[in-house]
Amino acid sequence: MTQPTFTEKVIELIRAIPEGCVSTYGGIARLAGNPRAARQVVRILHSSSRKEGLPWHRVVNREGCIALKSFQGYDLQKQLLENEAVAFDDSGRIDLDRFLWRPAMEEVRKHTVE
DNA sequence: AACCTGACTTCGG
DNA sequence: TCCGAAGCCAGGT
């Protein structure tokens, strides 16, 4: 039996983020078993978000900000999140205390075990 | 087939 | 608290 690769775990975890919630690059990486692999999450979003139909807009940085720049998807991402009732403050930040997805271990295992 | 790079995060000084 | 450097790794060139 083959253990799911880090990449596969990340894809499943992103897919599991519920509507109306967000997660962070580092958070996903940690759930997938490697707290320092935030950049791989970025990489995976680039390579697989379209192919796998991932809810890519539900991933933001640890400050609760959209990491994209204007005209590179920032506006689209913000709009998609607002459509899910995710609120932004005056400085374009999301209150992570309210919207961060915090799955229980059981929930995580469900998505990371083959 | 190497080398570069990225929508980041953490760590040590 | 602040800043530079390391960590991570696969897809594109």
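Numbers restart at 1 for each chain; the letters A, B, ... are given by sequence-line order, proteins then strands.
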Begin with the C-alpha distance, continue with both residues' side-chain angles, and end with the deciding distance and a verdict on side-chain contact (heavy atoms from CB on, under 4.5 Å) for Lys110(A) and Glu106(A).
CA-CA 6 Å; Lys110(A) 182 164 57 180; Glu106(A) 187 58 35; 5.7 Å; no
Test Ile17(A) against Ile28(A) for side-chain contact (heavy atoms from CB on, under 4.5 Å), laying out the working first.
CA-CA 10 Å; Ile17(A) 303 173; Ile28(A) 292 293; 4.2 Å; yes
Candidate pair Thr112(A) and Leu31(A), rule side-chain contact (heavy atoms from CB on, under 4.5 Å), full reasoning
CA-CA 9 Å; Thr112(A) 56; Leu31(A) 293 176; over 6 Å; no
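Here dC8(B) presents its P atom at 8 Å from NE2 of His46(A), a figure rounded to the nearest Å. With rounding to whole Å, Lys51(A) atom NZ is found 11 Å from dA10(C) atom C1'. Taking atom CZ of Arg50(A) as the reference point, atom P of dG12(C) lies 13 Å away to the nearest angstrom. Here dT5(B) presents its P atom at 16 Å from CD of Gln72(A), a figure rounded to the nearest Å. Rounded to whole angstrom, the span from the NZ atom of Lys9(A) across to the P atom of dA10(C) amounts to 13 Å. If you take CZ of Arg30(A) and P of dT10(B), they are 7 Å apart, rounded to a whole angstrom. At whole-Å resolution of the value, CD1 in Ile28(A) and C1' in dT10(B) are 17 Å apart.
Within the structure, no pair that satisfies the side-chain hydrogen bond (donor to acceptor under 3.5 Å, both in side chains) test touches residues 60-78 of chain A, not counting sequence neighbours. Within the structure, every pair that satisfies the side-chain hydrogen bond (donor to acceptor under 3.5 Å, both in side chains) test and touches residues 14-27 of chain A, not counting sequence neighbours, is listed here: Glu12(A)-Arg15(A), Arg15(A)-Glu52(A).
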Between side-chain atoms of residues 80-95 of chain A and protein atoms elsewhere (two or more places apart, or another chain), which donor-acceptor pairs fall under 3.5 Å?
from, atom 1, to, atom 2, distance (Å)
Asn83(A), ND2, Gln79(A), O, 3.4
Glu84(A), OE1, Gly20(A), N, 3.0
Glu84(A), OE1, Arg58(A), NE, 3.0
Glu84(A), OE2, His57(A), NE2, 3.1
Glu84(A), OE2, Arg58(A), NE, 3.2
Glu84(A), OE2, Arg58(A), NH2, 2.7
Asp89(A), OD1, Ser91(A), N, 2.9
Asp89(A), OD1, Ser91(A), OG, 3.1
Asp89(A), OD1, Gly92(A), N, 3.1
Asp89(A), OD1, Arg93(A), N, 2.8
Asp95(A), OD1, Asp97(A), N, 3.0

Show every donor-acceptor pair shorter than 3.5 Å between a side-chain atom in residues 44-51 of chain A and any protein atom, with sequence neighbours excluded, or say none if there are none.
from, atom 1, to, atom 2, distance (Å)
Ser47(A), OG, Arg43(A), O, 3.3
Ser47(A), OG, Ile44(A), O, 3.4
Ser49(A), OG, Leu45(A), O, 2.6

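The separation of dA6(C) from dC4(B), taken at their P atoms, amounts to 16 Å, rounded to a whole angstrom.
Nearest heavy-atom pair across Glu107(A) and Pro103(A) is CG-CB, 3.7 Å.
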Between the protein and nucleotides 3-9 of chain C, list every N/O to N/O distance that falls short of 3.5 Å.
from, atom 1, to, atom 2, distance (Å)
dG7(C), O6, Arg39(A), NH1, 2.7
dG7(C), N2, Arg36(A), O, 3.4
dC8(C), O2, Gln40(A), OE1, 3.1
dC8(C), O2, Gln40(A), NE2, 3.1
dC9(C), O4', Gln40(A), OE1, 3.3
dC9(C), O2, Gln40(A), OE1, 3.2

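Applying the side-chain contact (heavy atoms from CB on, under 4.5 Å) criterion to Arg30(A), with sequence neighbours excluded, gives Pro35(A). Remark: Pro18(A) pairs with Cys21(A), Trp101(A) by the side-chain contact (heavy atoms from CB on, under 4.5 Å) rule, at least two apart or across chains. Legend: residues meeting side-chain contact (heavy atoms from CB on, under 4.5 Å) with Ala37(A), ordered by chain and number and at least two apart, are Phe6(A), Ala29(A), Asn34(A), Gln40(A).
For residues 90-97 of chain A, proximity to DNA chain B is found at no residue, defined as any non-hydrogen atom under 4.0 angstrom from a strand atom. Of the residues in residues 56-71 of chain A, those placing a heavy atom less than 4.0 Å from an atom of DNA chain B are Trp56(A), Asn61(A), Arg62(A), Ala67(A), Leu68(A), in numerical order.
A donor N or O paired with an acceptor N or O is found under 3.5 Å between the base of dA7(B) and the side-chain atoms of Tyr25(A).
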